[in-house]
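Report on the following structure.
As a basis for the values below, the full set of heavy atoms in this structure was taken, side chains included, without hydrogen atoms, waters or symmetry mates.
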There are 2 protein chains.
Amino acid sequence: MSSEELAARGQTTAAQVRKDLSHFGSFGKRGLGYPVDELRARLRRILGIDRTWNVGLVGAGRIGLALFEYPAFRARGFDCVAIFDSDPEKIGRELGGVVVQDPSAFEEAVRALGIELIVLAVPAEAAQEMAQRGVDAGVRGILNFAPIRLNVPPRVPVEDVNLVMELEALSFQISKDEPDA
Amino acid sequence: MSSEELAARGQTTAAQVRKDLSHFGSFGKRGLGYPVDELRARLRRILGIDRTWNVGLVGAGRIGLALFEYPAFRARGFDCVAIFDSDPEKIGRELGGVVVQDPSAFEEAVRALGIELIVLAVPAEAAQEMAQRGVDAGVRGILNFAPIRLNVPPRVPVEDVNLVMELEALSFQISKDEPDA
DNA sequence: TCGCGCTTGTGAAAAGATTCACGAATGTAG
DNA sequence: CTACATTCGTGAATCTTTTCACAAGCGCGA
Ligand SMILES: NC(=O)c1ccc[n+]([C@@H]2O[C@H](COP(=O)([O-])OP(=O)(O)OC[C@H]3O[C@@H](n4cnc5c(N)ncnc54)[C@H](O)[C@@H]3O)[C@@H](O)[C@H]2O)c1
Ligand SMILES: NC(=O)c1ccc[n+]([C@@H]2O[C@H](COP(=O)([O-])OP(=O)(O)OC[C@H]3O[C@@H](n4cnc5c(N)ncnc54)[C@H](O)[C@@H]3O)[C@@H](O)[C@H]2O)c1
């Protein structure tokens, strides 16, 4: 497949595709394009998704459960192996083979199960504490839904999901074309 | 408040704050900094969040309901005034004052209620169709959770939320420091 | 084997974003 | 009223990203 076709599929340009790929190596064959299967395999390796990641879910509330039940994560190699929630009502309940645990078991479970990524879906007040405890226990990356800026060492990447801001981005794009209301 | 202090809070630099703001006008006073209340008011206006937006939720599944019950949206001016789902089990149920409707009522409701934004939380197969129907009915922006690229006219902004990619971004950042596994 | 049609990989150019640095305002204190 | 300590707004300089454009490589068919 040529960079031209990859670009069309990825909503970008052929030059961009080639430059981006060339940053990681030389994948294509001149006159022929890129061998799709091999390219995918090498990109999976570069992205670090050529393996399974053990994920811990912190907070079994509305968003946490929606995520846990979303099959696409496991299908893409992100395996939620533990759930933690402070609500006594929820502790002990089983969800798809995983039992909700008390947060006091967090550090132990991170180490025992080899959890490298956590999804933080707890109220903002609890997020910083759980992030810190996770990092101390060996967590290497955090997907954060709480609307606060987490303070963690720079070696631990954090991806923030802020859906209110996504809506605000829409409202800005819509409003900016209107001189005045 | 000075650009220095704004920068510290926003994880950026003073020069960046000043350049960004200057792009929209001249808000500060030399020697003094920016008047916070007025700055906030003017930024809200620029972002288009100085008013309420009527939002329609398409798909009352796991993620859709989690979003609907999330109070931060209404608190920030995004008011979910209608819910649509094709599941007969769900149609007619009331959730926080809003009744789940059959998708056949979609266009009518968009017009009647003045829905300008929709949240697409339906399976990927249904997303394009509902996007198109929304746009035809007058929807002006789409927050899309379905893992497909929507085809809509350029005047309608789309914000995609792809949580698998967020996790992949973490795995990449973690893996890239390791020469080899 | 040679020529031809494609397509990559990559320097160079262009465009875009960030940082620097300083003149011009602004309030304050004496 | 003047001197001074601040801090904005903004051109110029720097850094980054994207786009351009083309030599070099590849397979194919004659
Ligand atoms: N619901 C949404 O659509 C949505 C969207 C974006 C962001 N968020 C954010 O995600 C977070 C969770 O939102 P939610 O709507 O799922 O809230 P929720 O109240 O439904 O769930 C939070 C869960 O966290 C648990 N919890 C509290 N403290 C805990 C701790 N220390 N350890 C483990 N569990 C703990 C609670 O028992 C509860 O079950 C919040 O920060 C919210 O701002 C939610
Ligand atoms: N659950 C998650 O954590 C998650 C995360 C990211 C993205 N997504 C995406 O969000 C979408 C919804 O995911 P989900 O987990 O909530 O799925 P879900 O199956 O729980 O919910 C989907 C809902 O949409 C309804 N529906 C189907 N066709 C419809 C139509 N034409 N009009 C109106 N409603 C219709 C179904 O009846 C169902 O209630 C999917 O595209 C999924 O890939 C989900």
Side-chain angles (χ1 to χ4, degrees), chain A residues 1-48 149 154-155 157-160 162 165-166 168-177 179-180, chain B residues 1-48 149 154-155 157-160 162 165-166 168-177 179-180:
Chain A
M1 184 178 292
S2 69
S3 56
E4 195 76 52
E5 189 177 347
L6 288 169
R9 298 204 186 195
Q11 206 102 112
T12 180
T13 64
Q16 192 70 67
V17 167
R18 294 203 300 278
K19 256 285 193 282
D20 287 357
L21 292 178
S22 77
H23 194 260
F24 294 104
S26 188
F27 302 107
K29 276 199 165 53
R30 299 176 179 205
L32 273 191
Y34 298 87
V36 174
D37 286 347
E38 191 198 318
L39 179 62
R40 180 165 45 219
R42 295 185 65 177
L43 288 178
R44 288 174 59 85
R45 188 171 181 78
I46 289 165
L47 289 173
R149 197 181 302 284
R155 86 189 123 83
V158 175
E159 292 286 328
D160 287 298
N162 189 326
M165 278 196 197
E166 305 275 347
E168 290 176 346
L170 290 177
S171 98
F172 170 59
Q173 290 179 75
I174 294 170
S175 306
K176 74 178 200 287
D177 311 317
D180 206 37
Chain B
M1 185 178 291
S2 68
S3 55
E4 194 77 50
E5 190 177 346
L6 289 169
R9 299 204 186 194
Q11 208 103 107
T12 178
T13 65
Q16 191 69 67
V17 168
R18 293 202 300 277
K19 252 297 190 266
D20 287 358
L21 291 179
S22 78
H23 194 260
F24 294 105
S26 188
F27 302 108
K29 278 202 165 52
R30 301 179 176 196
L32 272 192
Y34 298 87
V36 174
D37 286 347
E38 191 198 318
L39 178 62
R40 180 167 45 221
R42 295 184 65 179
L43 288 178
R44 286 174 61 84
R45 189 172 182 77
I46 290 164
L47 288 174
R149 197 179 302 284
R155 87 190 121 83
V158 175
E159 291 286 327
D160 287 298
N162 188 325
M165 278 196 195
E166 305 276 346
E168 290 176 345
L170 289 176
S171 98
F172 171 58
Q173 290 180 71
I174 294 170
S175 307
K176 74 177 199 288
D177 311 317
D180 207 37

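- Within the 4.5 Å cutoff, the side chain of B/Y34 has no heavy atoms near those of the B/R40 side chain.
- No more than 12 heavy atoms of other residues, nucleotides or ligands lie within 6.0 Å of CD in A/E4, so this atom counts as exposed by the packing criterion.
- Taking all atoms of both residues into account, the shortest heavy-atom contact from B/E159 to A/L170 is CG-CD2, 3.6 Å.
- Between A/T12 and A/D20, the closest side-chain pair of non-hydrogen atoms is not below 4.5 Å.
- Toward the 5′ end of DNA chain D lies the nearest nucleotide of B/S3, the other residue of the pair A/T12 and B/S3 mapping further downstream.
- For the pair B/L21/B/L43, a side-chain contact is recorded, criterion being any heavy-atom separation below 4.5 Å from C-beta on.
- Along DNA chain D, the nucleotide closest to A/A15 and the one closest to B/A14 are compared, and the more 5′ of them pairs with B/A14.
- Here the closest heavy-atom approach between residue A/E166 and residue B/D160 is recorded as OE1-O, 4.4 Å.
- For the pair B/R18 CZ and C/dA21 P, the interatomic distance rounds to 13 Å; values are reported in whole Å.
- Closest approach of A/Q173 to B/P157, counting heavy atoms only: OE1-CB, 3.5 Å.
- Taking all atoms of both residues into account, the shortest heavy-atom contact from A/G28 to A/P35 is CA-CD, 4.4 Å.
- If you check residues 23-32 of chain B against DNA chain D, the residues with a heavy atom closer than 4.0 Å are B/S26, B/F27, B/G28, B/K29, B/R30, B/G31, B/L32, listed by number.
- The span of DNA chain D lying next to chain B, judged by atoms under 4.0 Å from heavy atoms, is bounded 5' to 3' by D/dT6 to D/dA12.
- Within the 4.0 Å cut-off from OP1 or OP2 of C/dT19, at least one side-chain nitrogen or oxygen of B/Q16 is found.
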